[in-house]
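Labels below follow one simple rule: chain letters A, B, ... track the order of the sequence lines, proteins then strands, and each chain is numbered from 1.
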Amino acid sequence: MKAGALVVLSIVAAAALSGPVSAVEPDEILADPVLEARARDISRNLRCLVCQNQSIDDSNADLARDLRILVRDRLVAGESNDQVIAFIAARYGDFVLLRPPFKPTTWLLWLGPGIVFVLGAMATFVWFRRRAGDPEPPPLSDAEERALGALLDDDGRG
Amino acid sequence: MVNIRPAVVIPAIVFLAITAVFGLYLYQIGSGQKNISDLPSALIDEQVPEFTLPPIEGMAGGLTAADLRGGVALVNVWASWCPPCRVEHPILMRLAREGVAVYGINFKDKPEDAKAFLARFGNPYRKIGADRSGRAAIEWGVYGYPETFIVDRGGRIRYRHIGPIMPRDLETTITPILNRLAK
């Protein structure tokens, strides 16, 4: 049993310690490490439209590979990160950006959670203030007091 | 008698409104009217991208942006290895027979395969550009095949259809748009 546990632990450790996985193939990697790092950075923020929930850095789709190569070609040609991203966004739309831009059409997307949180906090605050303002229950009459005392004493003995 | 406080009613109304919208979307997706992974083209109302594509090796033609100006045009991105392209092909043949100007961008295809496809299933395209690298398709913002664009006579992209053109698409969108632009 101990040997088995050790094997499992080693596998888990190996998996946890291995580097982040990407779909970049060896023939895509640029010779210049600075450009390659920029390419990886840009790729991680571009959505692969075939799967739509992966970046082009992670996706094995054909289109992802084409776009990865396109990004590298344009970086080698001397474009800045913003220019490369703008080129792709102009053709594929803002949805290709994994970090949506902050414009009027996306204000609700960016500010929505904050607004909902504030509304919730306000509602909670108002609710607690109303609770505090609830009138005290009327005091017990003598007969009810004695009945309550009898019940409580009963419990104590039982 | 429960006090109807606005703090309770307003979230309830918001919840019902969101439920109604989601319910509508679910219905549309379920009945096939909407596909959530279809994206609107970023090029709608823009001029067709400037491009020059050679013909398929062994055929005459080739396709450039200039070919798409001067009349209403349908640009179909296709490949012989793409099964849905085979499925929509008869509809393209029909459109061509009816006089629609159909142009093709042959995407990442070997010339022999493309020619065999056209020989077997017919050639609806007035001109075909061979995009062997896929770069021209990227200029058009293509991400799924087949895709079909409708270009007006001023050379502006007016509509993009993702996936094969099914008979229902022809009825509900393609034909109405073509008719509208032809006026």
Side chain, backbone, both or neither of [X] within contact of chain B (heavy atoms, under 4.5 Å):
X: A/Tyr92; result: both
X: A/Asp73; result: side chain
X: A/Ala61; result: neither
X: A/Ile69; result: both

For residues [X] and [Y]: do they belong to one hydrophobic cluster (side chain heavy atoms under 4.5 Å, members Ile, Leu, Val, Met, Phe, Trp, Tyr)?
X: A/Leu67; Y: A/Phe87; answer: yes
X: A/Ile56; Y: A/Leu30; answer: yes
X: B/Ile150; Y: B/Ile157; answer: no
X: B/Leu92; Y: B/Trp140; answer: no
X: A/Leu46; Y: A/Leu75; answer: yes

Check each atom of B/Leu39 against the heavy atoms of chain A and say whether the ones under 4.5 Å are side chain, backbone, both or neither.
->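 For B/Leu39, side-chain heavy atoms alone lie under 4.5 Å from chain A.
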What part of B/Val142 is in contact with chain A, defined as an atom under 4.5 angstrom from a non-hydrogen atom: side chain, backbone, both or neither?
-> backbone
Look at A/Leu63, A/Leu70, A/Val96 and state which one has the largest set of heavy-atom pairs under 4.5 Å with chain B.
->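 Heavy-atom pairs under 4.5 Å are most numerous for A/Leu70.
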In terms of heavy-atom pairs under 4.5 Å with chain B, the winner among A/Asp94, A/Leu119, A/Asp66 is A/Asp66
Between OH on residue B/Tyr143 and CD on residue A/Gln52, distance to nearest 0.5 Å |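 Atom-to-atom, B/Tyr143:OH and A/Gln52:CD are 5.5 Å apart.
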B/Lys108 NZ to A/Asp62 CG distance, which is reported to the nearest 0.5 Å |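 CG of A/Asp62 is found 4.5 Å from NZ of B/Lys108.
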Is it true that atom [atom1] of [X] has more than 12 heavy atoms of other residues, nucleotides or ligands lying nearer than 6.0 Å?
X: B/Arg135; atom1: CZ; value: yes
X: B/Lys110; atom1: NZ; value: no
X: A/Leu108; atom1: CG; value: no

Set of residues satisfying side-chain hydrogen bond (donor to acceptor under 3.5 Å, both in side chains) with respect to A/Arg72, sequence neighbours excluded =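 side-chain hydrogen bond (donor to acceptor under 3.5 Å, both in side chains) check on A/Arg72 returns A/Glu36.
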Under the side-chain contact (heavy atoms from CB on, under 4.5 Å) test, residues paired with A/Thr105 that sit two or more places apart |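 Residues passing side-chain contact (heavy atoms from CB on, under 4.5 Å) with A/Thr105: A/Lys103.
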Sequence neighbours excluded and cut-off under 3.5 Å, please list the side-chain donor-acceptor pairs for residues 173-181 of chain B, or say none.
unit_1   : atom_1 : unit_2   : atom_2 : d
B/Thr173 : OG1    : B/Asp169 : O      : 3.0
B/Thr175 : OG1    : B/Leu170 : O      : 2.9
B/Asn179 : ND2    : B/Thr175 : O      : 3.4

Looking only at heavy atoms, which of residues 42-53 of chain B get nearer than 4.5 Å to chain A?
->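 B/Ala42, B/Leu43 fall under the 4.5 Å cut-off.
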